[in-house]
J.: 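Here it is: the structure, laid out below.
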Protein chains: 2
Amino acid sequence: MSDTKYVAIVDDHTLFRKGLASLIAVFPDYKVMFDASTGKDFIAQLNPKKLPDIVLMDISMPEMDGFATTEWLKNNYPDVKVLALSTMDAETAIIKMIKCGAKGYVLKDADLSELKLAFSELIRVGFYYNDIVSRKVMQSLTQLVDDKSELSAFMNLNENELTFIKLACSEKTYQQIAKEMFKSEKTIDGYRADIFQKLNISSRVGLAMFAIKHGIVKV
Amino acid sequence: MSDTKYVAIVDDHTLFRKGLASLIAVFPDYKVMFDASTGKDFIAQLNPKKLPDIVLMDISMPEMDGFATTEWLKNNYPDVKVLALSTMDAETAIIKMIKCGAKGYVLKDADLSELKLAFSELIRVGFYYNDIVSRKVMQSLTQLVDDKSELSAFMNLNENELTFIKLACSEKTYQQIAKEMFKSEKTIDGYRADIFQKLNISSRVGLAMFAIKHGIVKV
DNA sequence: TTAAAAAACAGGAATTATCCTATTTCATAA
DNA sequence: TTATGAAATAGGATAATTCCTGTTTTTTAA
């Protein structure tokens with residue numbers, strides 16, 4: 001009994017996406033339903049009457065990233081299994097993807113047989129965790145014991161706070177930032193205080209360092 | 001007269017590499033000779049008796065990156081045309097690749113027809129430059145002129161100033177920094193003022209951003 | 001040795017950032 | 001409707017930063 005399973009691919013790099021589709025095309029029992037360049041595009045193409053079994057999901061994308069899309073799927077179609085695609089250098093991103101509901105992850109430098117294995121494990125037992133990556137993630141998790149609050153706090157930052165942080169990583173004064181966000185200076189000061197407490201920091205420079213370290217702002 | 005052209009692929013992401021190979025396999029007139037995960041691997045597989053016409057080269061790789069490998073090719077087999085693969089957010093990397101001898105570049109989110117066009121242009125006229133990317137690169141080139149003064153200012157920082165900058169990228173107050181450097185607070189303030197003027201910045205956060213951007217401090 | 005330049009240091013003012021403790025507004029679940 | 005909690009807003013105090021305009025000390029070069 002080998003009924004065909006359906007796969008969707010979400011990645012903003014066309015060459016990668018199409019290449020992957022071309023590879024999966026030769027898998028027996030698997031068929032690429034469609035591919036999308038962003039989470040938004042993916043949701044637009046999704047047909048509730050005929051859902052994919054597996055979604056190969058990249059993390060960084062314009063419009064709607066892998067985190068948001070995975071979370072959306074968890075809330076709307078929890079039976080669709082998300083397999084996160086990532087690179088080794090994005091450990092915290094992997095952790096975040098799992099929290100968002102990804103059922104497994106494969107590295108972009110995995111080989112074809114591993115992808116196949118990941119597929120069949122996803123179908124068979126519902127999840128797939130590569131040993132090497134798991135160990136890496138565990139390592140960074142235990143390594144982050146001190147940073148644990150930092151990490152979970154990072155997850156708990158809301159939109160306003162993230163916007164504020166980005167603006168704070170500049171030479172703008174809080175007064176200017178308040179204007180730019182259409183909020184009072186006191187509200188901005190409240191954001192600052194909340195963030196300082198959440199992230200356990202005590203100065204704007206510390207905030208800037210944190211933001212860069214965690215990719216909230218790019219240098 | 002359509003004689004077959006040979007292509008090699010160098011990229012450390014196996015899925016991307018194999019996917020790309022699978023895509024190119026359907027191009028008429030092009031054939032993937034081999035693929036490699038690093039520059040070192042590529043050179044090891046290279047047969048001087050039968051060189052590829054085109055090398056699709058990623059930039060970031062372990063062991064030997066795209067820059068070094070492209071330069072090596074320029075010095076050893078200048079007739080082999082390197083087509084750089086990159087993402088939009090790596091402008092300076094693209095410029096560096098061109099300086100290393102790449103004959104063209106395509107973005108990873110290009111589509112198949114553009115890749116095909118790049119191939120044929122490489123064969124026909126010897127180079128390929130995508131308009132959008134070209135414009136981006138030109139932009140960042142002119143921007144580099146502005147950064148030049150910034151850069152030379154960076155060179156003119158003395159030991160004390162560099163020490164101060166490193167300490168300033170923290171939650172320490174200037175008072176604490178003064179103690180740590182065995183200088184008076186006023187001397188520290190003088191360092192700060194000089195640095196602000198030299199680097200044309202106006203706040204400690206700006207200084208921290210500069211320091212990270214230029215590798216004075218690591219995140 | 002001496003003049004010039006560079007480095008260290010200072011007083012004081014203005015601005016910004018930080019840190020308290022409240023109150024008001026608003027959506028939303030009971 | 002009302003209770004509840006989160007988000008926004010405030011006043012006011014203190015600390016830190018930024019920005020002036022100087023003087024003193026040390027180094028360097030003629």
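All chains are named by letter (A, B, ...) in the order of the sequence lines, taking the proteins before the strands, and each is independently numbered beginning at 1.
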J.: Taking NZ in A/K5 as the centre, count heavy atoms belonging to other residues, nucleotides or ligands within less than 6.0 Å. Is the count above 12?
T.: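 Yes - once you tally the heavy atoms of other residues, nucleotides and ligands closer than 6.0 Å, there are more than 12.
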J.: Would you mind reading off the distance between B/D194 atom CG and C/dC9 atom C1', rounded to a whole angstrom?
T.: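 It is 13 Å, rounded to the nearest whole Å.
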J.: Do other residues, nucleotides or ligands put more than 12 heavy atoms under 6.0 Å from the NZ atom of A/K40?
T.: no
J.: Checking all strands, does B/Y191 fall into the base, sugar-phosphate, or nothing category for heavy-atom contacts under 4.0 angstrom?
T.: sugar-phosphate
J.: Taking atom P of C/dA6 as reference, at what distance in whole Å does atom NZ of B/K198 sit?
T.: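 Result: 11 Å.
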J.: Under 6.0 Å between the ring centres of B/Y105 and B/Y128?
T.: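 No, ring centres 6.0 Å or more apart.
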J.: Using a 6.0 Å cut-off, check whether atom CD of B/Q176 has over 12 heavy atoms from anything other than its own residue.
T.: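 Result for CD/B/Q176: enclosed.
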J.: Between the side chains of A/D41 and A/Q45, does any donor sit under 3.5 Å from an acceptor?
T.: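 Yes - a donor-acceptor pair under 3.5 Å links their side chains.
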J.: Please state whether the phosphate of C/dA8, meaning OP1 or OP2, lies under 4.0 angstrom from any side-chain nitrogen or oxygen of B/N160.
T.: yes
J.: For A/Y6, is the NZ or CZ atom of A/K50 found under 6.0 angstrom from the centre of its six-membered ring and inside 45 degrees of the ring axis?
T.: yes
J.: Using a 4.0 Å cut-off to any heavy atom of chain B, which nucleotides of DNA chain D are the first and last in contact, reading 5' to 3'?
T.: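 Listing 5' to 3', DNA chain D meets chain B from D/dA16 to D/dC19.
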J.: Spell out protein contact along nucleotides 14-28 of chain C as letters: B when the base is contacted, S when just the sugar-phosphate is, - when no protein heavy atom is under 4.0 Å; keep the 5' to 3' order.
T.: --SSBB---------
J.: Salt bridge or not for B/K18 and B/D35, using N-O below 4.0 Å?
T.: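 Yes, charged N to carboxylate O under 4.0 Å.
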J.: Near A/E171 CD, under 6.0 Å, is it more than 12 heavy atoms from other residues, nucleotides or ligands?
T.: yes
